[in-house]
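These notes are about the structure you will find just below.
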2 protein chains.
Amino acid sequence: MLNQLNILLREENLRVTPQREAILKVLYDCRGHHLETENIYELLAARSEKGKKIGLATVYRTMELFEKIGLVSRLSMENLPARYELILQTKLIHHHLICLKCGCVQEIDDKLAEDFKNRIIDQTGFEVKDKSMKIYGYCSRCREQVKNKR
Amino acid sequence: MLNQLNILLREENLRVTPQREAILKVLYDCRGHHLETENIYELLAARSEKGKKIGLATVYRTMELFEKIGLVSRLSMENLPARYELILQTKLIHHHLICLKCGCVQEIDDKLAEDFKNRIIDQTGFEVKDKSMKIYGYCSRCREQVKNKR
DNA sequence: GATTTAAATGATAATGATTATCAATATGAA
DNA sequence: TTCATATTGATAATCATTATCATTTAAATC
């Protein structure tokens, strides 16, 4: 895993730093979860020896970098902070249903999504971001709450 | 059109105000476009007689209200401000491909989208927001730019 | 039409995630 | 080890959106 980071960074003439490795480790240990930058920052702080904290700005910068080199997938929430998830080799393609209210994330059948995505590209030339389609809406739980409010 | 506003507001025990009517008119005159709150604010300022401006906060509040009562459709951009579009009766169902980079919006075939949406609901219980599915990604033009950067 | 009351408005401060700045530090090639 | 420059950390700045609150207004009731 750290090897992969090494290779990707080398490709772009970027440096391997303890901070980047530590962040990648956190992401790996939380694989399957979708972490806010702030979460990552706190987890790093909890792990670090006293007096050796990684700056919040560094975490933001690193997440931006990791997304650019294809290590993580970024989910933009409506009002909530964005979330990141490590992209694992064993599961390169995954598509998300993201609740704009509570931020929960469900996944949908890859074949179904791929089929749809292909049809969109055929018809319009629009390419859904990277290998991960993100469909925003409301999960069943939140939809109930919205209905009750109205 | 103003009638519809009247009816919807009455249903919710809300008041019909000159500000709300003026904002609705702007949205109607710009139908088909996707306006930022700031755009709407400026258009209102241009129309108003001197010394009778509508406050920016009111525009924000009104857009939130209009979305709640189903008059407009909100498109959340990644870093850019959100955009709104009037939902017209003649075209109740429309689905968007929204470019996270430049904010351009394309539409996709309703049948294709509806079919997909129905399959999602069947499989997961997740309901895409209102009658308007919003798929985020990069349009072909911006994708080229991203590729060149890397 | 006058009275009343909660809703709405406008001006502005506050919020909060993200980005920019910049001096200090550390990486990795030579 | 040296050196150029990428990176970091601390913090200020940004900027869309929300909250606050005193003032105004819609519309129901008299």
Side-chain angles (χ1 to χ4, degrees), chain A residues 2 5-24 26 34-42 44-45 48-69 72 74-84 100-101 103, chain B residues 2 5-24 34-42 44-45 48-69 71-72 74-84 100-101 103:
Chain A
L2 286 177
L5 176 62
N6 245 282
I7 294 165
L8 288 169
L9 291 176
R10 289 270 170 88
E11 275 177 8
E12 307 273 341
N13 248 39
L14 301 168
R15 293 179 182 171
V16 178
T17 67
Q19 289 88 342
R20 288 175 180 168
E21 291 184 339
I23 290 171
L24 183 59
V26 164
H34 302 81
L35 301 177
E36 299 176 10
T37 306
E38 194 74 33
N39 297 148
I40 299 167
Y41 173 70
E42 284 161 10
L44 287 166
S48 74
E49 305 145 38
K50 40 247 161 230
K52 279 201 173 186
K53 283 182 188 172
I54 293 176
L56 181 56
T58 299
V59 183
Y60 272 101
R61 279 185 294 235
T62 304
M63 296 320 295
E64 191 189 349
L65 177 72
F66 279 6
E67 198 204 0
K68 203 165 72 179
I69 65 179
V72 303
R74 176 193 164 112
L75 307 176
S76 302
M77 304 289 114
E78 185 138 4
N79 286 318
L80 307 168
R83 296 181 176 201
Y84 295 91
L100 293 166
K101 203 78 184 178
Chain B
L2 287 177
L5 177 61
N6 244 282
I7 294 165
L8 288 168
L9 291 175
R10 289 270 169 87
E11 275 177 7
E12 307 272 341
N13 248 38
L14 301 168
R15 293 180 181 169
V16 177
T17 67
Q19 290 88 342
R20 288 173 180 171
E21 293 183 337
I23 290 170
L24 183 58
H34 302 81
L35 302 177
E36 297 177 9
T37 307
E38 193 75 31
N39 297 150
I40 299 167
Y41 173 70
E42 283 161 11
L44 287 166
S48 74
E49 307 144 41
K50 42 247 159 228
K52 278 200 171 186
K53 284 182 187 171
I54 293 176
L56 181 57
T58 299
V59 183
Y60 272 101
R61 278 185 296 235
T62 303
M63 297 319 296
E64 189 188 352
L65 178 73
F66 280 5
E67 198 204 0
K68 202 165 72 179
I69 65 180
L71 265 180
V72 303
R74 176 191 163 114
L75 307 176
S76 302
M77 303 290 112
E78 184 138 3
N79 285 319
L80 307 167
R83 296 181 176 202
Y84 295 91
L100 293 167
K101 203 78 184 176

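In what follows, every chain begins at residue 1, and chains take the letters A, B, ... in the order their sequences are listed. Just so we're clear, the structure is a prediction, and the values are computed from it rather than from any experiment.
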* Asked: Does A:Gln19 place a side-chain N or O at less than 4.0 Å from the phosphate oxygens OP1/OP2 of C:dA26?
  -> no
Interatomic distance, [X] [atom1] vs [N] [atom2] [rounded to whole Å]:
X: B:Ile23; N: C:dG10; atom1: CD1; atom2: P; answer: 8 Å
X: A:Glu12; N: C:dG28; atom1: CD; atom2: P; answer: 15 Å
X: A:Asn13; N: D:dA4; atom1: CG; atom2: P; answer: 17 Å
X: A:Leu5; N: C:dG28; atom1: CG; atom2: P; answer: 10 Å
X: A:Ile69; N: D:dT7; atom1: CD1; atom2: P; answer: 10 Å
X: A:Leu80; N: D:dA16; atom1: CG; atom2: P; answer: 19 Å
X: A:Leu9; N: D:dA6; atom1: CG; atom2: P; answer: 14 Å
X: B:Tyr41; N: C:dT9; atom1: OH; atom2: P; answer: 15 Å

For a 4.5 angstrom cut-off between non-hydrogen side-chain atoms, does [X] reach [Y]?
X: A:Arg83; Y: A:Leu35; result: no
X: A:Phe66; Y: A:Leu8; result: no
X: B:Leu24; Y: B:Glu21; result: no
X: B:Glu11; Y: B:Ile69; result: no
X: B:Thr37; Y: B:Tyr41; result: no
X: B:Leu9; Y: B:Leu65; result: yes
X: B:Gln19; Y: B:Leu44; result: no
X: B:Glu38; Y: B:Val59; result: no

With the criterion being N/O to N/O and under 3.5 Å, what pairs connect the protein with nucleotides 19-21 of chain C, and how long is each?
unit_1	atom_1	unit_2	atom_2	d
C:dT21	O4	A:Arg61	NH1	3.4

Protein and nucleotides 25-29 of chain D: nitrogen or oxygen contacts under 3.5 angstrom:
unit_1	atom_1	unit_2	atom_2	d
D:dA26	O3'	B:Val16	O	3.4
D:dA26	N3	B:Arg15	NH1	3.2
D:dA27	OP1	B:Val16	N	3.0

* Asked: Looking at five pairs on each end of the helix from C:dG1-D:dC30 to C:dA30-D:dT1, what is the angle between the two axes, given to 10 degrees?
  -> 40°
* Asked: Is there a side chain to side chain contact (heavy atoms under 4.5 Å, CB included) between B:Met63 and B:Glu67 once you walk through the steps?
  -> CA-CA 6 Å; B:Met63 297 319 296; B:Glu67 198 204 0; over 6 Å; no
* A:Thr58 side-chain N/O to A:Ile54 backbone N/O, donor-acceptor pair under 3.5 Å -> no
* Mark yes or no for whether A:Arg10, through its side chain, and A:Arg15, through its backbone, hold a donor-acceptor pair below 3.5 Å. => no
